[in-house]
Every structure is written in structure tokens, then in C-alpha cells.
Novice: 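Below is a structure I'd like to ask you about.
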Protein chains: 2
Amino acid sequence: MSLRYALLALLTAEPLTGYDAAKRFSGSVGHVWHAPDSQIYPELRRMEQAGLIDGKQVPWGPRSTKKQYSITDLGIEAFREWMCTPIEYTPARNVHHLQAAYFEWTDTEHARAHLQNHIDYYAAQLAQWKIIHRSILDRTNPTMVKRTEKYPAEQHEHIVAFKAFAYEGMISLAQTEIDWAQKGLSLLDRIASSDVFYTTEPTGQ
Amino acid sequence: MSLRYALLALLTAEPLTGYDAAKRFSGSVGHVWHAPDSQIYPELRRMEQAGLIDGKQVPWGPRSTKKQYSITDLGIEAFREWMCTPIEYTPARNVHHLQAAYFEWTDTEHARAHLQNHIDYYAAQLAQWKIIHRSILDRTNPTMVKRTEKYPAEQHEHIVAFKAFAYEGMISLAQTEIDWAQKGLSLLDRIASSDVFYTTEPTGQ
DNA sequence: ATATCCATGTAATGCGTTACATGATTTG
DNA sequence: CAAATCATGTAACGCATTACATGGATAT
């Protein structure tokens, strides 16, 4: 159900085609919320049926059209209501931490590679998020501009502050993952330099 | 596919019934990896069919039996192989951060409640994880005892270190979430004390 | 005896991923 | 005119959640 509200959130800024939405969810915003087009198009159709959004055929090129969705009053109300309801916390399922817990089942080199991979992945995320964070704060982010245009100038600061705040959360999580993996690399160093390691098999049932 | 390896991981320590596994995944270990029984029983059957585990009917009470699964050599090999392969990173989809990004669509009190909820949730997680982390380090954790029994004493330290390391990751993530939400509360305080806020509606299309 | 574990499932539904498909428009 | 981009889907599959179901064993 969250994809629906992620879409409504996007549509509070400006009307979009399915393609536009899909592009956002796999571009820069996709680092925060990802969804494939095969999920987006049907969901938009369901949302239109539910009256949350309004799809208009607009001309595209000389002969063709595309369907552009705008949020309706009902959609705005639904989004606002969702914004007031607490979201359930889904049970933890962190597969990378699970794997790290069993590093005695692989060798130091593979374990090191996993952790390095972890660092690389989150370093890339971090870089992306920092760029977006900056573009939000200095008001060069195009979607933010579109969004703030609808509000009186006094409120821009808050709107910007909330978006920045959300990204700051992602940034600190990514940094935490990197720090953790780096501690893991140190742990592996300490272990590898000790004599006993990886006779590989347990001694018996 | 990860549930399969989470189950294999558990079974490297000791044989389990479906019920045992389900209990672990909703008890203390459930704060790291959760799965409902309706998923566990069929998966165990599939794993048995694949030869990764071996189910034996063992007596339970005077008249009844239960099925206890042990990991097979093939299962150990599969687990070891999985431990050597890098795990894909699934695209980010953090619904709480998404909601926080749009706090201008609700009022200060609801926003505050969301953040307080966030703090409470992760504080509870943190408390759980710290307890497990401690029980791993001081070797009172029963599953850890079962697990280390199979290995020579020289390796116990590493096995313990990896488990502790994994929990440390969860602990710092939970702490990061708490810190973030607390910053959010401060932000809301600053905003609430300023004059302009929540005339609620955008000025116009 | 009665409540609480222990034990094991089925069924419906929804969300998400991957793969398969197609065609128009714009840009170089 | 070829390539990249814009545009929109369908289909199959798997994983996860929720609800529905049942019954034996143990402890008080």
C-alpha cells in the first residue's frame, strides 16, 4: 500500500505520466524509494479508479498522446490522512547482518569482500544522498522548486527542512553501515593475524 | 530465498522442529530475522526435498511424534557456498523516512507522535539487542553454547566475535534511528515556536 | 480439568521482481 | 536513418502476511 502513497507524494508536487513516475523511482528519488514500471502503471490505474488521481490524455508529438495524472481533492485528503496515521514497523530482516554473523563459515578473504562490498554500496548511496540533500538546501532541486512554488514563501523553509531532514536520516544510516563494515574489516585483520583460524570444520557432531 | 539460509544457519547449531524454528524467528532471534510459521513449515519441507536437511520423526510424549530436522552434508555445503557469495542489495524503501519528508502535510502533533513512535520502537529493539549482545559475549546465550560446543576452544572467540559484531551493527542502526528522530523533534520544536506554520493549504494550483 | 505450550498445517491475498512485448517520438 | 528516449503495458513467479484450522502434551 505504500507505493500508492509514495505516488501521491510525488503527485502533490506536479502532474506526472506513468513514465515520469517510473523515471523518478529509478532515478535519484529511486535511492529513497524504488519501484519498477510494471508496478507503477497498474497502481496508477487503480488509483484513478479509486478517484485519488485524475488521468488526462494530453498530446504527445503530432499524432500521439500520453496519460498525465493529477492528484484530486480526494487524493489530497487520502494523502493527508495517511500522513496522520502511524506506520506499522515491519519485522527486521537484515540479510547482510545475518551473513556477517556467520563469517566463521567462510574464509577471511570472502568475509573481507562482503564487507568491502557493503562499504562500496553504502558509500555510493551516501554520495547520491548528499548530492540530493545539497540540492534541496540550496533550492536547485527541480522537484523542490515545483513543490515550493505552490506555497507562500514563509513556508518554504519548513518544507525544505523536512525534505532535508529525511535525507539526513538516510545519510546517517549509510554512514552507520560504513562504520560498521569498517569495524568488521578491523576485526578480520585482528583475527587473521592470530594463529588459530579456519581449520574450517567443526570437530564433530 | 534468504529464509532458507536463515534456517540453515540455525540448523548448523542444532537440530530443530518446525515449531522450534518458528519460535526462534518470533522470539529473541526474531528481532533480527522474522518469519511466520506459515512460511517456515513449507520451506522446511522443500528443503528436505532438496536434500539440504533431513527430517526424522522423533517421539513426543507417549503416543505422538514430531519431526526434527538436521542439516545434511549437502545443506552444510549449500550454506557454505551461500556464505561465499555476495548478497544483492535490494533497493531502498524506507517508509518512515518517506513520511517524515512530507511532514508539512500533517500538523506538529502528529509529526511529533510519529517521531516519538519511531524512538519508542527502536529503543525497544535496542534494549532487546543489547541483552542478546551481552548474552553472546558472556557466553550465557544457549544457542551460542550449543554452537561453540562443536568447535575447538581456540575458535570460540572468533565465532562469538562475529555474532557480537552482527548485533553491534543492529545496535548502531537502532541508535542512529533514535538520534535522527530526536533531531526531528528538535526541528519540530523550532518550527512550532516560529509564527508561520500550518495555514495548511497551498495557495493555489 | 483447564490453560498453556507444543506441533503442524492450509488458503487467500497482496506486494515485488523479472521477463517479455510493443511502438511512437525525438535527437544526432 | 539509427539510436536513444518516451510511453505503456502483460504474464509468471516467488516471497510474505494474515487468517483460518486442528489436535496432542504438559503443568498447575
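The figures here come from the full heavy-atom set of this structure, side chains too, leaving out hydrogens, waters and symmetry mates.
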Novice: Under the rule for side chain to side chain donor-acceptor pair (under 3.5 Å), what residues qualify as partners of B/Tyr5, not counting sequence neighbours?
Specialist: none
Novice: What is the distance from NZ of B/Lys67 to P of D/dG24, rounded to the nearest Å?
Specialist: 20 Å
Novice: Who pairs with B/Ser172 by side chain to side chain donor-acceptor pair (under 3.5 Å), at least two apart in sequence or on another chain?
Specialist: none
Novice: Quick one: list whatever passes ring-ring contact (aromatic ring centres under 6.0 Å, His included) with A/Tyr41, sequence neighbours left out.
Specialist: none
Novice: Hey, are A/Arg46 and A/Glu43 close enough for a salt bridge, meaning a charged N less than 4.0 Å from a carboxylate O?
Specialist: yes
Novice: Sorted by first residue and then second, give each salt bridge (Lys or Arg N to Asp or Glu O under 4.0 Å) pair with at least one member in residues 170-187 of chain A; sequence neighbours left out.
Specialist: none
Novice: Give me the residues of residues 54-62 of chain A where at least one heavy atom lies under 4.0 Å from an atom of DNA chain C, by number, or none.
Specialist: A/Trp60, A/Gly61, A/Pro62
Novice: Apply side chain to side chain donor-acceptor pair (under 3.5 Å) to B/Thr72 and list each qualifying residue two or more places apart in sequence or on a separate chain.
Specialist: none
Novice: Expressed as a whole number of angstroms, how long is the span from A/Tyr19:OH to D/dC6:C1'?
Specialist: 5 Å
Novice: To the nearest 10 degrees, how far apart in direction are the end axes of the helix from C/dA1-D/dT28 to C/dG28-D/dC1, each fit to five base pairs?
Specialist: 30°
Novice: Please list all pairs passing the salt bridge (Lys or Arg N to Asp or Glu O under 4.0 Å) test where one or both residues lie in residues 24-38 of chain A, with sequence neighbours left out.
Specialist: A/Glu14-A/Arg24
Novice: Measure the spacing between CG of A/Leu115 and NE2 of A/His110 and express it to the nearest 0.5 Å.
Specialist: 13.0 Å
Novice: Can you name the ring-ring contact (aromatic ring centres under 6.0 Å, His included) partners of A/His34, sequence neighbours left out?
Specialist: none
Novice: Roughly how many Å is it from OH in B/Tyr5 to P in D/dG14, rounded to a whole number?
Specialist: 15 Å
Novice: Could you give the CD-to-P distance, from B/Glu48 to C/dT8, as a whole number of Å?
Specialist: 12 Å
Novice: Just jot down the salt bridge (charged side-chain N to carboxylate O under 4.0 Å, His left out) partners of A/Arg190, sequence neighbours excluded, or say none.
Specialist: none
Novice: When you check every protein heavy atom under 4.0 Å of nucleotides 12-20 of chain C, what one-letter string (B, S, -) results, 5' to 3'?
Specialist: ---SSBBB-
Novice: Students often get this wrong, so: under 4.0 angstrom with heavy atoms, is B/Arg45 touching a base, only sugar-phosphate, or nothing?
Specialist: sugar-phosphate
Novice: Checking B/Thr140 now: which residues fulfil side chain to side chain donor-acceptor pair (under 3.5 Å) with it, not counting sequence neighbours?
Specialist: B/Asp138
Novice: For the side chain of B/Lys66, starting at C-beta, report the closest nucleotide among C/dT25, C/dA7, D/dA7.
Specialist: C/dA7
